[in-house]
S.K.: 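First the structure, then my questions, so here it is.
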Amino acid sequence: MARYEPKTIEPKWQKRWLESGIFKTPLTPGGKSKFYILDMFPYPSAAGLHVGHPEGYTATDIIARMKRMQGHVVLHPMGWDAFGLPAENYAIATGVHPAQTTAQSIAAFKRQIQSLGFSYDWEREIDTTNPNYYKWTQWIFLQLFKKGLAYEAHVPINFCPSCRTGLANEEVHQGGCERCGSAVIKKNMRQWMLRITAYAERLLQDLERLDWPESTLAMQRHWIGRSEGAEIEFRVARFELRVSVFTTRPDTLFGATYLALAPEHPLVDQITSPSKKTAVEAYCQEAQLKTDMERTQVAKEKTGVFTGAGAINPVNGETIPIWVADYILPHYGTGAIMAVPGHDQRDYEFAKKMNLPIKPVARPLEGEAIFERAFEEDGIAINSGEFDGLTTADFKKRMVEWLSKKGVGRPRVSYKLRDWVFSRQRYWGEPIPVVHCQGSCGGVVPVPESGLPVALPDVSRYQPTGTGDSPLSLIESWVKTKCPVCGSAAERETNTMPQWAGSCWYYLRFVDPYNDQAPWDQELQKIWLPVDLYVGGAEHAVLHLLYSRFWHKVLFDLGLVSTIEPFMKLRHQGMILAYSYQDKLGVYHGYDEIDVKDSKAALEATGEELSSRIEKMSKSKKNVVNPDEVIKQWGADTMRLYEMFMGEFELSKPWDMRSIEGVHRFLLRVWRLFDKQTPSLEFQVPSSKSPANTQRPAPSADANLRVRHRTIKLVTERIENFKFNTAITALMEYVNALTAKGAAREDLATLCILLSPLAPHTSEECWEMLGEAPFVSLAPWPVYDEELAVEEKLAIAVQINGRVRETLTLNAGSWTQDQIAAMARENPKIAKYLENAKIQRVVYVPGKIFNFVVANPAVVSE
RNA sequence: GGGUGGAUGGCGGAAUGGUAGACGCUACGGACUUAAAAUCCGUUGGCCGCAAGGCCGUGAGGGUUCGACUCCCUCUCCGCCCACCA
C-alpha cells in the first residue's frame, strides 16, 4: 500500500515535465488552432508569492492544460514585471543594487510558482528589466515620439513628495499617492507626456468588441469620461475678451446666473477689477497651495471670490457676475463654467452660499417643480423665451444650432481622460531614450535605434533628488554625451519610464522572445495575437489595461500589429480574504482556530472571547497565508484544488484552513481508487455487514457508463465557463460513485484525465499506476455522448399547483405526456389531491416536472 | 453622489424560470481499535409528528407566473471602484 506523498511525487513530475519539454510551445501552431492564454505577470516582490497569485495562475493553467489535451496549440507563458519602487526603496535603505534584489525576488517567485506545477513554457520567460527586453520598450517609445504622441511639457503635475516623483493621473487616488498614500501636491515640472487623449474615442468605442467583465468596461468608460455638450462664448463686459465655457446642458443657458473660473484660469488676472485684486489673488494663491486632498476634502463647503467683472449672456444679453471658485477644475472642459444653480447641485450650493440668484428654466415632465435643490433631470423648458415648451433633448439640439449660427458656440465633446505623465524622477526604470542637444539641433533628439538599449547605469546613491531630476542626473559621465545627429555636446534625458511601460507590450514579446532584430516577428504576431484569454486582478482595470490598449492601438496604426485590441477575453479573480481573530483590545491573534488556540485558552479564564471577521490579508492582522507552508503541509495539488474549490472564481472569498482538508481527503480517495495495493475502501475494515475482506471485482466497462459520460460533460463545460468549483464537485461525485460501486479501467482512465488539469501531479502518478504511457498531460481529452450523459433513472416531480407532492422514478427513455399523466393520476398520493378537484390545466416539462393546476384542491388532512 | 457586484443551513458554497441547500467543512451517532489518530457507515435548515406526512424557509416588502434564490418594482445592509469632470 503506497502512501499518497505529494512531497515525493510533485517534484518528481515537475522535473519530468521540464526535462521532457512537453509544455514547450512550438514557434507556430503548424496548422492546428492556437490558444494564447496569459496571466498578468507579477511584480516579483521580496515578500514572495501571496495566495492570491496562484488563484489566477491555477485557473489559467487548468484551462491551458485542458485546451492542450483538446488538441489546441497553447501559448502559456510567464514573466516578471520587475521595474518598480520597492526594489529601489530597498536600495535607498541598504545600498544594495535593485538589480540584485530583483534577481533574488525573481528566483524566489519562480521557485514558488514552479512548485505549483504550472504548465508554462519557461523558455519564453520575460524580465522587463533585462536590457534585451527594455531595448524594445525604448524602441516603442521612440515610435511614439516620432508620431508626435510623446512630447515634453511644462505643466503642473501630480507629485508625490514622499516618493519624490511625478505621478500619472491614474496613480492618484483621492488626492493621495497610490503607492504610499502621501498627499499629492501640484508641481510645475518638465515632463514627458504621452498623448493618450488622441485615442480617447477609439479606446472608448472598441470596448464594445471585448468580452470583459462589465465592471471593468464601466471603469474604463468612466475613466475616459466622454461628455457631449457645447462650448459657449461669453463676452466680458467692458473688455475685448471672451470666456469660453463647456456645458452638457446648453438648454439651460437662460438660467445661467454667474460664470465661474478655475483659480488657474489665464483670464483671471486680466479681468479682475482693481478693488477685488487683493482678494482674488489671495484666493488663487491659497488654492494653489492646497493639495488635491485638501481641495476635495473641503469640497462640502463651496468657496469662491467675485472678480468684479461681468459676462454677457449671448442668448439674452444679460450681464452676470464672473466668480473664481476652486470647485472648477482647470484641466476639464475649458476651466470655466456657466453656472446654472437651478439645474446643477454644485452651482446651487454655491449660489445659496453667495446669495446669487437661482433661476429655474426647466420644469419636470410631471408634477410640480420643487426647488429645494437643483432640478437636474430632463424636463420642459420654461423662462426661456421663444424656446419655452421644448423638451430638454430637443432644446439642447436647438440651442447648439442657434449658438453655431450666431457664431458664439459650437458642439463639443469633452473627455475626463488626460494625457499620460510618462516620466518618473526615479532610478529603477527604463531610461527615456532621448538626448538634449546643446548644439545646432537645439532640443530633443531621439537616440537612434543603433544606440539602443540606453542602458541603465550604476549609481552610487539611489535617493531621488527631489528637485525634479532623477538620480541618473548625478552621473556626469553618463549624462554628458554627444548629439547623435550633429555631434555637439548633449545631455541625456535622466527621467525614467513609469512602472507601467514594460507591461504595455509584454504579451507581444512572448510570441518571439529571443528576437534581437525586432521587438517581434510580423508573421508570428499575426499568428498568435490576440491574447484569447487574459486573467489577472481587477486592480489593473484602468491602469495597465488602459495603457496597454493605448500602446496596442498606436502599434496597430504603425502597422506593427494586426489586431486592434490586445486582449479579447478578460477575467479577474476575486480577492482571497482571510479570517482574523481579534480580542477586546483590538489585538490580532491569527487566521484560524488552530492558530488562535493558545490565545483562546488564555482568554477563557477571563471569560473573554475572540471575535472573528473576514478581512483582507495583511501582516498587521496576522492573517496572511503563506503558499509555501500550505504546499509543505498539503501539497501543491491540494493547494490548487482548494483555491479553485473555495467558491466562484470572480468573487472574493475567505481562506479557511478547515476546508482545505476536504479537498485533500478527496485526493486521498482518488489515490486509493488507483492504488492496487490498497483494498477497496469498503472492505478495508471488516464489519458485520460486509464480512468479506477481499478486493471488489472490477465492474464491466459499461457499469458506470452514464455517470462517466455525465462527468466528462460537466467537467468540460464547467472548466470552459470558469466554474472550477463545480467542476471539482462533479469529480467528487464521480469518485464517490466509483468508491461505492467499483471502478472499471475506463472509469479510472477518464477520472485521471479529467482530474489532470486541476491536480496534475496526482493524476500523472495515478496514470502511471494504471500502467499508461507517461504523461496524462498529453492524453487526448475525452469526448462524451450527449445521450449517455443523462441519468439512467428519470425523477419526475409531480406537483399540485406548483407544490411537489410526489416523485415518479422512471427508466430513462421517451415517455409521452399522456403516459406520465396516467401514472401520476394513479399514484395514491396524487390521487387524493385530485379527488373532487377540477383540473384546469396541466404543465409538463419533459423529464422534470408534471404540474396539475387545479381550482379547488382537496384539503388533505390526516 | 455615480458605477459595479453581493446577501441562500452552524460554516464555505450549489441551483439563472422547473424537486432549494449539490459538493465540501463542522457537529453528533455508529463500525473498526486495548486506546487514539486515520478510515468507513449513518444523521445533520427550522417547526409539528411515534410514523406516514404536513407547515415554514433563499436580506425586507410587493408584483408577474401553473411554478420565482432566479424575472420586474420599492427598500435595507455589505464589498469593490470612482468621485466638485460642469
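This is a predicted model, so every value here is computed, not measured. The chains referred to below are lettered A, B, ... by the order of the sequence lines, with proteins before strands, and numbering in each begins at 1.
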S.K.: Using a heavy-atom cut-off of under 4.0 Å over every strand shown, decide if A/Q799 touches base, sugar-phosphate, or nothing.
M.R.: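 Base, at least one base heavy atom under 4.0 Å.
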S.K.: Measure from the side-chain heavy atoms of A/M732 and tell me the nearest of B/A22, B/G24, B/C82.
M.R.: B/G24
S.K.: Looking at every strand, decide which applies to A/Y734 at a 4.0 Å heavy-atom threshold: base, sugar-phosphate, or nothing.
M.R.: nothing
S.K.: Within less than 4.0 Å of OP1 or OP2 of B/U26, is there a side-chain N or O belonging to A/R665?
M.R.: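 Checking A/R665 against B/U26: at least one side-chain N or O falls below 4.0 Å of OP1 or OP2.
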S.K.: Scan A/D347 against the nucleic acid and name what it touches under 4.0 Å (heavy atoms): base, sugar-phosphate only, or nothing.
M.R.: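 Nothing, no nucleic acid heavy atom in range.
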S.K.: When you check the phosphate oxygens OP1 and OP2 of B/G54, does a side-chain N or O of A/Y833 lie under 4.0 Å from one of them?
M.R.: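 Yes, within the criterion.
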S.K.: Taking atom P of B/G24 as reference, at what distance in whole Å does atom NZ of A/K723 sit?
M.R.: 20 Å
S.K.: Is the backbone N or O of A/T726 less than 3.5 Å from a side-chain atom of A/R718, with the two atoms forming a donor-acceptor pair by type?
M.R.: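 Yes: the side chain of A/R718 pairs with the backbone of A/T726.
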S.K.: From C-beta outward on A/R803, which listed nucleotide comes closest to its side chain: B/C82, B/C56, B/G24?
M.R.: B/C56
S.K.: Taking only side-chain N and O atoms of A/N725, does any of them lie within less than 4.0 angstrom of OP1 or OP2 on B/A22?
M.R.: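 No.
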S.K.: Which whole-number value in Å describes the distance from A/M644 CE to B/G24 P?
M.R.: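 Nearest whole value for this atom pair: 19 Å.
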S.K.: Would you indicate what A/F645 reaches in the nucleic acid, counting non-hydrogen atoms under 4.0 angstrom: base, sugar-phosphate, or nothing?
M.R.: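 Counting heavy atoms under 4.0 Å across all strands, the contact made by A/F645 includes a base.
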S.K.: Centres of the A/F724 and A/F722 rings: under 6.0 Å?
M.R.: yes
S.K.: Quick one: are the ring centres of A/Y642 and A/W655 less than 6.0 Å apart?
M.R.: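 Yes: the rings meet the under 6.0 Å criterion.
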S.K.: Taking atom C1' in both B/U16 and B/C11, compute the distance separating them and give it to the nearest angstrom.
M.R.: 24 Å
S.K.: Classify A/S215 by what it touches in the nucleic acid, base, sugar-phosphate, or nothing, heavy-atom distance under 4.0 Å.
M.R.: sugar-phosphate
S.K.: Can you confirm whether A/K353 is buried at NZ, in the sense that more than 12 heavy atoms of other residues, nucleotides or ligands lie under 6.0 Å from that atom?
M.R.: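 Correct, the count exceeds 12.
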S.K.: Between B/G18 atom P and A/I820 atom CD1, what is the distance in whole Å?
M.R.: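 Rounded to whole Å, this separation is 19 Å.
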S.K.: Which part of the nucleic acid does A/T216 contact within heavy-atom distance under 4.0 Å: base, sugar-phosphate only, or nothing?
M.R.: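 Answer is nothing: A/T216 stays at 4.0 Å or more from every strand.
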S.K.: Would you say A/Y327 and A/T303 are linked by a side-chain donor-acceptor pair, where the criterion is simply a distance under 3.5 Å?
M.R.: no
S.K.: Provide the distance between the two C1' atoms, one in B/A22 and one in B/U8, to the nearest whole Å.
M.R.: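 About 13 Å, rounded to a whole number of Å.
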S.K.: Mapping A/I849 and A/E170 to their closest nucleotides on RNA chain B, which lands nearer the 5' end?
M.R.: A/I849
S.K.: Compare the minimum distances between each of B/G18, B/C40, B/A15 and the side chain of A/V843, then state the nucleotide with the smallest one.
M.R.: B/G18
S.K.: What's the closest nucleotide to the side chain of A/T729 if the choices are B/U19, B/C23, B/A86?
M.R.: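 Nearest nucleotide to the side chain: B/C23.
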S.K.: Among B/G3, B/C84, B/C66, find the nucleotide with the atom closest to the side chain of A/N851.
M.R.: B/C66
S.K.: In this structure, how many angstroms lie between the C1' atom of B/U4 and the CE atom of A/M575, rounded?
M.R.: 14 Å
S.K.: At under 4.0 Å, does any side-chain N or O of A/K848 touch on OP1 or OP2 of B/U19?
M.R.: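 Checking B/U19 against A/K848, no side-chain N or O comes under 4.0 Å of OP1 or OP2.
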S.K.: Counting Watson-Crick and G-U wobble pairs only, both distances under 3.5 Å, name the nucleotide matched with B/C77, or none.
M.R.: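 Base partner found: B/G6.
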S.K.: Report the nucleotide, chosen from B/G18, B/G6, B/A86, that has the shortest atom-to-atom distance to any side-chain atom of A/L329.
M.R.: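 Closest nucleotide to the A/L329 side chain: B/A86.
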S.K.: Please classify the nucleic acid contact of A/R805 as base, sugar-phosphate, or nothing, using heavy-atom distances under 4.0 Å.
M.R.: sugar-phosphate
S.K.: Are the side chain of A/Q220 and the backbone of A/A541 linked by a donor-acceptor contact shorter than 3.5 Å?
M.R.: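 Looks like yes, one N/O pair under 3.5 Å.
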S.K.: Using the side-chain heavy atoms of A/K829, tell me which of these nucleotides is nearest: B/A14, B/G12, B/G53.
M.R.: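 It is B/G53.
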S.K.: Is B/G54 in the syn range, within 90° of 0, or in the anti range?
M.R.: anti
S.K.: What interatomic distance, in whole Å, is found between C1' of B/A51 and the corresponding atom of B/U58?
M.R.: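 Here B/U58 and B/A51 have their C1' atoms 30 Å from each other.
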S.K.: So does A/G536 get a backbone contact from the side chain of A/H572, meaning a donor-acceptor N/O pair under 3.5 Å?
M.R.: yes
S.K.: Please give the distance between the P atoms of B/U70 and B/A20 as a whole number of Å.
M.R.: 13 Å
S.K.: Of the candidate nucleotides B/C40, B/A22, B/G18, which contains the atom at the shortest distance from the side chain of A/E733?
M.R.: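 Of the options given, the side chain of A/E733 lies nearest B/A22.
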S.K.: To the nearest 0.5 angstrom, please state how far the CG atom of A/L834 sits from the CZ atom of A/R805.
M.R.: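 Going from the CG atom of A/L834 to the CZ atom of A/R805 covers 11.0 Å.
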S.K.: Under 4.0 Å: is that the gap between some side-chain N or O of A/H222 and OP1 or OP2 of B/G2?
M.R.: no
S.K.: Over all strands shown, is A/I328 touching base, sugar-phosphate only, or nothing at heavy-atom distances under 4.0 angstrom?
M.R.: base
S.K.: Need to verify one output field. Residue with the more 5' nearest nucleotide on RNA chain B, A/L668 or A/K653?
M.R.: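 Its nearest nucleotide lies further toward 5', so the answer is A/K653.
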S.K.: Distance check, C1' atoms only: B/U4 and B/G12, in whole angstrom units.
M.R.: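 That atom pair is separated by 24 Å.
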S.K.: If you compare every side-chain N and O of A/R658 against the phosphate oxygens of B/U26 (OP1, OP2), does one of them come in below 4.0 Å?
M.R.: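 It does not, given that no N or O in the side chain of A/R658 lies less than 4.0 Å from OP1 or OP2 of B/U26.
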S.K.: Contact class for A/T807 (heavy atom, under 4.0 Å): base, sugar-phosphate, or nothing?
M.R.: base
S.K.: In whole angstrom, what separates A/I728's CD1 from B/G13's P?
M.R.: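 The distance from CD1 of A/I728 to P of B/G13 comes to 14 Å, rounded to the nearest Å.
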S.K.: What does B/C55 pair with, Watson-Crick or G-U, if both distances are under 3.5 Å?
M.R.: B/G46
S.K.: Say you pick atom P in B/G59 and the same atom in B/A7; how far apart are they, in whole Å?
M.R.: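 Each nucleotide's P atom is 8 Å from the other's.
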S.K.: Measuring from the side chain of A/K302 (C-beta onward, heavy atoms only), which nucleotide among B/G18, B/G13, B/C84 has the closest atom?
M.R.: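 Out of B/G18, B/G13, B/C84, the nucleotide with an atom closest to A/K302's side chain is B/C84.
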S.K.: With heavy atoms under 4.0 Å as the rule, sort A/A795 into base, sugar-phosphate or nothing.
M.R.: base
S.K.: Does B/G17 have a Watson-Crick or wobble partner in any strand here, with both distances under 3.5 angstrom, and which is it?
M.R.: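 Base partner found: none.
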S.K.: Could you state the atom-to-atom distance from OH of A/Y844 to P of B/G17 in whole Å?
M.R.: 20 Å
S.K.: Report the distance from atom CZ of A/F724 to atom P of B/A22, rounded to the nearest whole Å.
M.R.: 23 Å
S.K.: What distance, rounded to whole Å, do you find between the two P atoms, one in B/C69 and one in B/G63?
M.R.: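 Looking at atom P only, B/C69 and B/G63 are 15 Å apart.
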S.K.: Among B/G6, B/U39, B/U19, which is the nearest nucleotide to the side chain of A/L651?
M.R.: B/G6
S.K.: Under 4.0 Å between a Lys/Arg side-chain N and an Asp/Glu carboxylate O for A/E717 and A/K723?
M.R.: no
S.K.: Both distances below 3.5 Å, Watson-Crick or wobble geometry, any strand: find the nucleotide opposite B/G1.
M.R.: B/C82
S.K.: Report yes or no: is the cationic atom of A/K302 (NZ for Lys, CZ for Arg) under 6.0 Å from the centre of the six-membered ring of A/F350, at an angle within 45° of the ring normal?
M.R.: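 No cation-pi geometry.
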S.K.: Using purine N1 to pyrimidine N3 plus N6-O4 or O6-N4 for Watson-Crick, or N1-O2 and O6-N3 for G-U wobble, each under 3.5 Å, what pairs with B/A35?
M.R.: none
S.K.: In whole Å, measure the gap between the C1' atoms of B/A52 and B/G57 for me.
M.R.: 22 Å
S.K.: Using whole Å, report how far CD of A/E615 lies from C1' of B/C80.
M.R.: 15 Å
